[in-house]
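This is a predicted model, so every value here is computed, not measured. Order of the sequence lines fixes the chain letters, A, B, ..., with proteins taken first and strands second; residue numbering starts at 1 for each chain.
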Protein chains: 2
Amino acid sequence: MTTTDGWQPVARARAYELVVERVEEQILAGTLKVGDRLPAERDLAARLQVSRAAVREAMRTLEAQGVVRSGVGSGPDAGTVVSALPSEALTRVLRLHVALANFAMADVVAARVMLERSSAGLAAAHASAEALAEIASPLEAMAGDADRETFNDLDTAFHIAVAEAGGNRLVADMTIAIREAMRLPILRELEQLGERWPEVRAALTAEHRAIHAAIAAGDPERAATLMEGHIHSSRRLLAP
Amino acid sequence: MTTTDGWQPVARARAYELVVERVEEQILAGTLKVGDRLPAERDLAARLQVSRAAVREAMRTLEAQGVVRSGVGSGPDAGTVVSALPSEALTRVLRLHVALANFAMADVVAARVMLERSSAGLAAAHASAEALAEIASPLEAMAGDADRETFNDLDTAFHIAVAEAGGNRLVADMTIAIREAMRLPILRELEQLGERWPEVRAALTAEHRAIHAAIAAGDPERAATLMEGHIHSSRRLLAP
DNA sequence: ACCTTGCTGTGGTCAGACCACAGGACAGAA
DNA sequence: TTCTGTCCTGTGGTCTGACCACAGCAAGGT
């Protein structure tokens, strides 16, 4: 052997990855800003000396990252446009992996507690009147005789509204993603409740109201504590 | 007008989106698990009655989401395999959007504090001897006269080790993604420090050691508080 | 027992064609 | 003039069919 090591090149990149890099460079350099249109796929392919297929695969990657959006036809919405859709991208990724990775339920609950404690506290500190109304709205609908699926959707809406009210986009997105990923598993649990369903519904509804009250009262510590208690108690109520 | 509204169909999906959906369905249903191989692209195209190009664009989307990995040739690493690479995917998304300032820096810092407080607390409660060694290892290397880039990499390794030691996979993945996404921005800040660099390095190193000590001592509250203080103080030291 | 060789199946790439769509330009009708 | 329909153009979306590079494997020769 002429050398011992240090030779680990080069994993040559695939064409579409090079295209992705070029576009990201332009974005990071500020040459491409949100709202700008990329060259047409055929143009870009010609300029970068790759096939249109490679360009399109790159676009799919960027689209999945929430960086561009493609539209057909002509006019302002046509073509491939640089956009800022971080929440959508983040939510898609997290949601899938929560479903895919079988994270231990305890881990997911711990993560939810951490995130939603924070959200509830922030919401109590910052929530505007409109944000409060958004939080209250699902509560009213839940008061009726909602069935399990409706109840679950409204519960999701409640938690999302609290997260949004906190005002931290990143925390809200993570919260939303995890709650969305839990939507089906939780529905399954609701369906297995049997005769305990009315009792559970009443208990959860009461906890929601208390959380809303604490946020409306502007009491962060209380809101956070109630939210943590709510998540734990719903686990206790729903777990098999 | 015959109707006032309620007509908002239908945005018919693009072929590759349908392919993505089919694959995701299988994953959510548990039919496809991590490690399983998808049918070959040509097969899948035939089965779903779409072109191979559509299948490939779908694969790029799933790849960007960290859900599959493609390899050429034959053997166990060949073909398209379902995998779970959440931190990589999250990092890619966050890195770009942080650079584009689609997430406010204050929000990112707040999220980091929340996540790493939690990680540090968990680590203090759970860390095994090996995990503690993993945390200590970058600290020793940092003690020397590391340059800025090396220091930054070791700092990243330290925070990742703490996150891993917490034992909560979900929290760790999110923590890792955020810290990795901050890697370049932080390096830029380190490079702009000028003569303050030795002083900053000393301060951060001391904080790291204190955090490690608290974790080793099994004091969750203290570890969490120190970690929060560390993140805030490093912000103060590095921010322009 | 050990190489060499070629076969096979995989993703990666390409060229070229056609489709659906949305807007704009233009000619004709009111 | 104003409106209305028609055609044209450029965009992304889709498909076909071909070829390449690669990694393993099995058959064959040494």
Just call it for [X]: base, sugar-phosphate, or nothing, with non-hydrogen atoms closer than 4.0 Å on any strand.
{"X": "B:A40", "answer": "sugar-phosphate"}
{"X": "A:A15", "answer": "sugar-phosphate"}
{"X": "A:R60", "answer": "sugar-phosphate"}

Comparing nearest nucleotides in DNA chain C, the 5'-proximal residue of the pair A:V50, B:D43 is B:D43

Among [options], the nucleotide that comes nearest once only the side chain of [X] is considered:
{"X": "A:A53", "options": "C:dA22, C:dC14, D:dA23", "result": "C:dC14"}
{"X": "B:V72", "options": "D:dC22, D:dG12, D:dC15", "result": "D:dC22"}
{"X": "A:R37", "options": "D:dA23, D:dT11, D:dG13", "result": "D:dT11"}
{"X": "A:P76", "options": "D:dT16, D:dG13, C:dG23", "result": "C:dG23"}
{"X": "B:T80", "options": "C:dG12, C:dG11, D:dG24", "result": "C:dG11"}

Spacing between [X] atom [atom1] and [N] atom [atom2], to the nearest angstrom:
{"X": "B:R42", "N": "C:dG12", "atom1": "CZ", "atom2": "C1'", "value": "9 Å"}
{"X": "B:D77", "N": "D:dA23", "atom1": "CG", "atom2": "P", "value": "11 Å"}
{"X": "B:R14", "N": "C:dC21", "atom1": "CZ", "atom2": "P", "value": "14 Å"}
{"X": "A:E57", "N": "C:dT13", "atom1": "CD", "atom2": "C1'", "value": "9 Å"}
{"X": "B:L38", "N": "C:dG11", "atom1": "CG", "atom2": "P", "value": "9 Å"}
{"X": "A:R69", "N": "D:dT11", "atom1": "CZ", "atom2": "P", "value": "16 Å"}
{"X": "B:E41", "N": "D:dC15", "atom1": "CD", "atom2": "C1'", "value": "15 Å"}
{"X": "A:L44", "N": "C:dC14", "atom1": "CG", "atom2": "P", "value": "13 Å"}

> Under 3.5 Å, is there a donor-acceptor pair between the B:E21 and B:Y16 side chains?
Replying inline: no

Report task. Report, as yes or no, whether the 6.0 Å neighbourhood of atom CZ on A:R22 holds more than 12 heavy atoms from other residues, nucleotides or ligands. Result -> no

>> Can you tell me if A:S74 touches the phosphate of C:dG23, counting only side-chain N or O atoms and a distance under 4.0 Å to OP1 or OP2?
In response: no

ask   = For the base of C:dG11, is there a side-chain donor-acceptor partner from B:R56 under 3.5 Å away?
value = no

- Message: Determine whether a donor-acceptor pair (one donor, one acceptor, N or O, separation below 3.5 Å) exists between the side chain of A:R52 and the base of D:dG13.
- Response: yes

Here the pair of heavy atoms bringing A:Q65 nearest to B:H97 is O-NE2, 2.8 Å

A:R95 side chain near B:L28 side chain, heavy-atom distance below 4.5 Å:
yes

Examine distances only and state if a side-chain atom of A:N168 and a backbone atom of B:D107 form a donor-acceptor pair shorter than 3.5 Å.
yes

